Amino acid sequence: MRNSFVARHPSVLAFLALLALFTLGVSVLSEGFGIGLISTSFVKTLGKTLCLCLIAVAMDLIWGYCGILSLGHFAFFGLGGYMIGMWLMYERTRLIVEGSLAQGALPPTEQEVVDAIGTQIFGVVGSSDFPLVWAFADSLILQLAMVVLAPGLLALVFGWLAFRSRVTGVYLSILTQAMTLALALYLFQNDSGLRGNNGLSGLQNLPGVEAPQAVISLWFFWASALALGLGYLLAAWIVSGKFGSVIRGIRDNEARVRFLGYSVETYKLAVFTLTACIAGIAGALYYPQAGIVNPAEIAPIASIYLAVWVAIGGRGRLYGAVIGAAFVSLVSSWFTGGQIPDLVLGPLTIKWVDWWTIVLGLSFVLVTLFAPSGIGGLFDLWQGRRPPDRHGADLGPDAGALREREATE
Amino acid sequence: MSTLLEVSGVSVSFDGFKAINNLSFRIGQAEMRAVIGPNGAGKTTFMDIVTGKTRPDEGRVLWGERSLSLLGLSEAQIARAGIGRKFQKPTVFEDQSVHENLLMALQGPRGPWSVLFYRPNAAHLARVGELAAEIGLGDHLPRKAGELSHGQKQWLEIGMLLAQDPRLLLVDEPAAGMTPEEREHTTAILVEAAKTRAVVVVEHDMEFVRRLNCKVTVLHEGAVLAEGSLDHVTADKRVIDVYLGR
Ligand SMILES: Nc1ncnc2c1ncn2[C@@H]1O[C@H](COP(=O)(O)OP(=O)(O)OP(=O)(O)O)[C@@H](O)[C@H]1O
Ligand SMILES: [Mg+2]
């Protein structure tokens with residue numbers, strides 16, 4: 001089954017092979033396991049990029065295939081990061097606190113340990129009590145489950161409300177922006193229980209692990225590559241069959257799909273929730289590599305960037321989304337990293353750190369206008385594939401037969 | 001003959017304009033019916049009401065042996081209950097192949113879960129091939145539907161309708177853009193279908209309607225003007241005035 005699936009979709013095999021080669025190459029060149037040509041911080045950048053590619057695959061599923069322009073998927077990404085961050089922070093603080101309390105004369109009671117952890121974590125927001133949302137923070141298993149459950153549940157409730165009342169198009173996009181903005185504003189508050197604008201920090205340290213960052217960074221890099229590979233495979237499998245046919249039908253003409261007997265709302269909800277879960281997993285792998293997650297990550301603009309990546313890469317094809325996310329986010333970190341010398345044009349000095357957003361915006365406009373299928377569209381040129389372009393006036397069978405010849409030549 | 005669909009006293013207005021005015025209509029289990037009438041008579045709107053696209057302001061729409069009301073159901077539920085529809089303007093999924101279009105329409109479970117794990121078996125593939133041959137697209141299965149000519153899209157939509165295996169077929173102007181031979185073929189398909197199910201055909205072409213050889217309902221200003229054999233209604237003075245005599 002799996003063999004025949006991959007055989008029928010050679011691009012999936014090609015993608016997985018490239019990903020494996022890339023992973024191997026980076027490992028060999030890394031400081032942790034290889035010859036040290038690639039710095040640890042760059043390994044982290046690459047690992048984070050893989051996570052962004054994964055959320056781009058999710059975005060492509062919901063937007064490129066199902067036609068729902070969600071501008072809120074970074075909310076799910078951030079939530080995933082918060083969920084794993086809670087355990088990382090709790091566990092690491094527990095180890096530190098227990099270490100220091102053990103110096104005392106009497107062994108500390110359990111309550112004393114919990115109180116001390118609370119003071120450590122919530123001191124910055126002037127509190128020491130554990131809010132309800134931290135109830136599972138001491139259990140890695142439960143918190144890992146929350147990585148999928150929290151974004152999934154939010155998406156389920158939001159999607160159920162939105163799709164049931166048949167909100168579509170621009171209105172839905174605005175609603176998703178409102179959702180991510182509301183979540184960000186809520187998290188900014190100190191009493192939201194997630195340390196307000198401080199967010200969760202120190203996430204790069206794995207509790208109880210002695211290994212140096214050079215090694216840990218590679219572990220996360222591998223995990224991100226694995227997640228991207230599996231996510232890509234899952235997405236490719238979903239869109240390859242009848243399910244893919246139905247969601248593309250929803251994208252192109254949802255009323256027609258209804259008249260075929262498919263419950264469009266249920267399908268939208270399923271895809272929305274699934275992609276939210278994938279986004280959550282991507283976030284849970286991203287933020288330990290970034291080291292910190294805070295509410296600014298969930299700002300509405302982040303989700304808009306995501307749409308821009310997918311559009312530039314080419315939506316409606318999974319590798320397009322991956323190319324877009326990898327290309328734009330790497331170029332972006334290059335431009336904003338300050339390594340590029342300023343461009344002096346007479347009186348005007350172009351500082352790329354500031355001008356990068358303008359370059360990005362401009363390329364988005366250009367791609368939308370002149371290359372609607374994005375960078376991924378280059379593969380079509382290469383393979384000589386052309387989209388059917390017969391949206392002109394409908395002609396009768398005779399005149400139509402003429403145009404048919406044009407289309408097949 | 002027992003009734004499959006009964007529409008009674010249905011009215012609907014758009015911004016104060018009465019598109020359907022106290023319309024009543026009934027059709028049996030295995031019956032062919034042609035619906036004719038001038039442009040704007042409400043023929044398409046009538047189909048919209050039956051398929052759940054438009055909610056009537058008043059009236060009843062009852063379905064099947066158990067007289068289930070269709071008014072509370074969604075479009076998808078109505079389609080699953082066994083009502084299939086071909087649109088006036090051919091609407092197929094242009095970005096997908098003829099094969100995918102037919103497979104999507106093919107009778108079978110419609111839930112996301114079963115669709116996700118659905119893989120066409122030999123019987124389904126054979127049925128798709130059979131349908132494609134019947135609508136003259138046997139050699140075009142792998143082609144994108146968007147590439148087809150207008151007439152071929154009409155055919156594809158008829159094929160999708162048959163693939164759904166509905167108990168009631170609502171067919172809106174199937175012959176538009178077809179050659180005389182193709183029209184004859186369409187007639188044959190519809191007549192064949194009407195042996196086992198109910199078929200409602202909206203058509204302006206009187207020759208086409210004559211070949212269907214069935215009871216005719218004339219709509220005018222959202223209400224039934226006349227009903228009976230084609231010869232009967234075409235002899236009706238009012239029908240000549242509003243429709244035929246133009
Ligand atoms: N959604 C709508 N909003 C406003 N008016 C509508 C709507 N649907 C139908 N109408 C009006 O209802 C009337 C009946 O339209 P309908 O499409 O049913 O006519 P028809 O009998 O199918 O005509 P034709 O033979 O041209 O296809 C028209 O005047 C139309 O403008
Ligand atoms: Mg009409």
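What you see below is based on every heavy atom in this structure, not just the backbone, and it leaves out hydrogens, waters and symmetry mates. Keep in mind that what you see is a predicted model, and the values were worked out from it rather than measured. Chain naming here is simple, since letters A, B, ... match the order of the sequence lines and numbering starts at 1 in each.
Heavy-atom distances place no part of A/V271 under 4.5 Å from chain B, backbone and side chain included. Heavy atoms closer than 4.5 Å to chain A are found in the side chain of B/Q164, but not in its backbone. Interface remark: A/D252 contributes side-chain atoms only to the contact with chain B (heavy atom separation under 4.5 Å). Looking at B/L170, neither its backbone nor its side chain comes within 4.5 Å of chain A, counting heavy atoms on both sides.
B/V115 and A/K242 get closest at one heavy-atom pair: CG1-C, 3.8 Å. Here the closest non-hydrogen pair linking A/S263 and B/R80 is N-NH1, 4.0 Å. Here the closest heavy-atom approach between residue B/M160 and residue A/L260 is recorded as CE-CD1, 4.1 Å.
Between the side chain of A/Y262 and the backbone N or O of B/M104, at least one donor-acceptor pair lies under 3.5 Å. Using modelled atom types, one side-chain atom of A/R256 and one backbone atom of B/T91 make a donor-acceptor pair closer than 3.5 Å. Without hydrogens or angle criteria, B/Q96 side chain to A/S245 main chain gives a donor-acceptor distance under 3.5 Å.
Contact annotation: the side chain of A/W237 approaches that of B/L116 to within less than 4.5 Å [non-hydrogen atoms, C-beta and beyond].
Chain A forms the most heavy-atom pairs under 4.5 Å with one residue out of B/P112, B/G111, B/A79, B/S74, and that residue is B/P112.
Centroid-to-centroid, the aromatic rings of B/F87 and A/F259 come within less than 6.0 Å. With ring centers used as reference points, B/W113 lies 6.0 Å or more from A/F243.
Ion pairing of B/E100 with A/R248 is present here, as a side-chain N (NZ or NE/NH1/NH2) and a carboxylate O approach within less than 4.0 Å.
Applying the 6.0 Å contact sphere to CZ of A/R164 captures more than 12 heavy atoms from other residues, nucleotides or ligands.
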Query - Steps toward salt bridge (Lys or Arg N to Asp or Glu O under 4.0 Å) verdict (A/R251, B/E94) - result: CA-CA 11 Å; A/R251 173 190 70 192; B/E94 310 232 335; over 6 Å; no

